[in-house]
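Written below as structure tokens is the structure these notes are about.
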Amino acid sequence: MAVRGVGRLTCVSLCAQRNSRFQRPALRPLSCPGTVAADLRREEQPSGSTETGSEDKSSKKRFSEVQKERREQAQRTVLIHCPNKISEKKFLKYLSQHGPINNHFFYESFGLYAVVEFCQKESIHSLQNGTHTPSMVTEAAIPFRSRFFNLKPKNPSNQTSERSCIQSSNQLPPSSKKLFELLCYAESIDDQLNTLLKEFQLTEENTRLRYLTCSLIEDIAAAYFPDCTVRPFGSSVNTFGKLGCDLDMFLDLDEIGKISTHKNIGNFLMEFQVKNVPSERIATQKILSVIGECLDHFGPGCVGVQKILNARCPLVRFSHQASGFQCDLTTNNRIALKSSELLYMYGALDSRVRALVFSVRCWARAHSLTTSIPGAWITNFSLTVMVIFFLQQRSPPILPTLDSLKILADAGDKCIIEGNNCTFVRDLNKIKPSENTETLELLLKEFFEYFGNFAFNKNSINIRQGREQNKPDSSPLHIQNPFETSLNISKNVSQSQLQKFVDLARESAWILQEKDKDRPSPSSNQPWGLAALLLPSVANMKSLAKKKNKRPASERIKSLLDSIKSNSTENSTSTNGKRTISTHT
Ligand code: CTP
Ligand code: MG
């Protein structure tokens, strides 16, 4: 589900540039100020302090609480395509005629967009009632009243002169040049891992935009299923998402048909007349098929809709142009939602977990171990489970096993999905913090050493029991699905991809060990620690060389001669084996 495509966000700061290293985009105060003047005041949010990643125990909210709050916030929010030249003050004044605004931000994605959160849901109806459907000259418009608007100035010439300073929220990860600079100037490897986390994690605005996009899709699906819910899952909500990751959505139809009143006394039981189909899978395919059609025909901003209904988990894939998200919509996929909750729990238990996962994910991406298209390679989900498993192996363990989380569960936590026991404690405060004090530097090195020497040929990774187990089948990499225990989440991974992972892990463990001895001075601009790990590897170069050797001899001789001729030009590997990187693009 990690396919990316069109509609990438290209955000630029229109007036004020961010100059601080870890400065987060400016945010509106979260309380409802009631006045536009108050709303215009910008406040800084400390970096990485969204409610999902904090160390502070008192702020550790349950996954369901976060989802509920975000969902409710998204329902009071609208998305507006704005003219490029706009006075922010006038814009807010214009909108506040429909009710007080709680929060807003701007971003760029092939045009300027505003995300505006009203204090009350009623404001949205007021805004919709004051909005007209455009009449086209050559085309026809489908009159759908969504929460995605287009704002046009009544008098464009006036607006140009009155444009005020608008700061756009950045929705993209840092460029590799900036990342390498930040990493090279970090004080320690631990500092490097935390820096990478801060730069890549989803921002508050990006998270809001993800929930809003789900909410907009829910409005469309509600045309067929009025009580449905569209919930984000996967890396958008499990706290392991990098800026730019896909948006996995779950169309939840379970609330439909649930009895909401108690007026069911008497001798009868009333049921809905429904159509029956031969299996749950066929029902899923039929539902997704009509929703896919609906998104394609009526969904403002939904483009490139593909119905992938024969996959193991049927889905509708599309790009949501205005947000720039590549979306995968599934239904009947409740277990994936539960595993997102489990990962959220693990991410919140110890601050080292997310830092380590982000670094391993970036490392894997830098070496093309993971890609944006499905295939025989390892996925981010598998890598995350591998990090969790590794942290369960430490002494003392940094993370508890899933079985021990199940023991801590109370009656309210009980959860059985399609016969699978998905029960685990959901109150984070009931879990004792780890006494392990190992540094991130040590953990990263040990992670590579551990998996560089793991007996993949005979053992399976199992976070439920927190120990290696005999592999039940012959797949090269076996990682047990935490809830559907008969499934292997890395069944797709080929032997050659696994070998590439092992080679790179060994090489990275070695680099970290070597770099310990002679850390360069910051001014030398020499990549060290984590920065050195993100460079093209020797293992990669060897495989490139192998590929090159497959070319005809004449071609190889020609390129050899060429390379001798241009030998004086830049080379990514210096003679002493230390790799250097030019930060000039
Ligand atoms: N999932 C699963 N079993 C798999 C693959 C995925 O249960 N074999 C669930 C996981 O909960 C995962 C979610 O589906 O988090 C979404 O899958 P995917 O998009 O592939 O992974 P993400 O965790 O979202 O990571 P990425 O950032 O690469 O999208
Ligand atoms: Mg995903």
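Whatever order the structure lists them in is the order used to number ligands and atoms, beginning at 1.
Scanning both residues, Tyr344 and Leu428, for their nearest heavy atoms gives CE2-CD1, 4.3 Å. Minimum interatomic distance between Thr370 and Ile378 (heavy atoms only, all atoms of both residues): CG2-O, 3.3 Å. Nearest heavy atoms, Asn238 versus Ser340: CB-O, 3.5 Å. Between Pro472 and His478, the shortest heavy-atom distance links the atoms CG-NE2, 3.3 Å.
At a cut-off of 2.8 Å, Asp248 coordinates the Mg ion (ligand 2) through an N, O or S atom.
At least one heavy atom of Asp248 sits closer than 4.0 Å to an atom of ligand 1. Residue contact check for ligand 1: Ser340 places a non-hydrogen atom closer than 4.0 Å to it.
For Arg361, every heavy-atom contact with ligand 1 shorter than 4.0 Å involves the side chain, none the backbone. If you look at Phe240 next to ligand 1, there are no close heavy atoms at all, none under 4.0 Å. Of all the heavy atoms of Cys245, the ones lying under 4.0 Å from any atom of ligand 1 belong exclusively to the side chain.
Judged by distance alone, with hydrogens and angles left aside, the side-chain atoms of Thr229 form no donor-acceptor pair with the main-chain N or O of Arg231 at under 3.5 Å.
Taking the centre and axis of the six-membered ring of Phe63, the NZ or CZ atom of Lys68 falls outside the cone set by 45° and 6.0 Å.
Here's the thing with Leu343: none of its N/O atoms is less than 3.5 angstrom from an N/O atom of ligand 1. Considering backbone and side-chain atoms together, Asn481 places no N or O closer than 3.5 Å to any N or O of ligand 1. Checking only distances, Ser339 does come within under 3.5 Å of ligand 1, N or O to N or O.
To the nearest 0.5 angstrom, Phe358 atom CZ is 5.5 Å from Leu197 atom CG.
Residue contact check: Asn380 has heavy atoms under 4.0 Å from atoms 25 (O), 26 (P), 27 (O), 28 (O) of ligand 1.
Atom 13 (C) of ligand 1 has its nearest heavy-atom neighbour, among Phe483, Phe250, Phe233, in Phe233.
Of the N and O atoms on the side chains of Ser323 and Arg210, not one donor lies less than 3.5 Å from an acceptor on the other residue.
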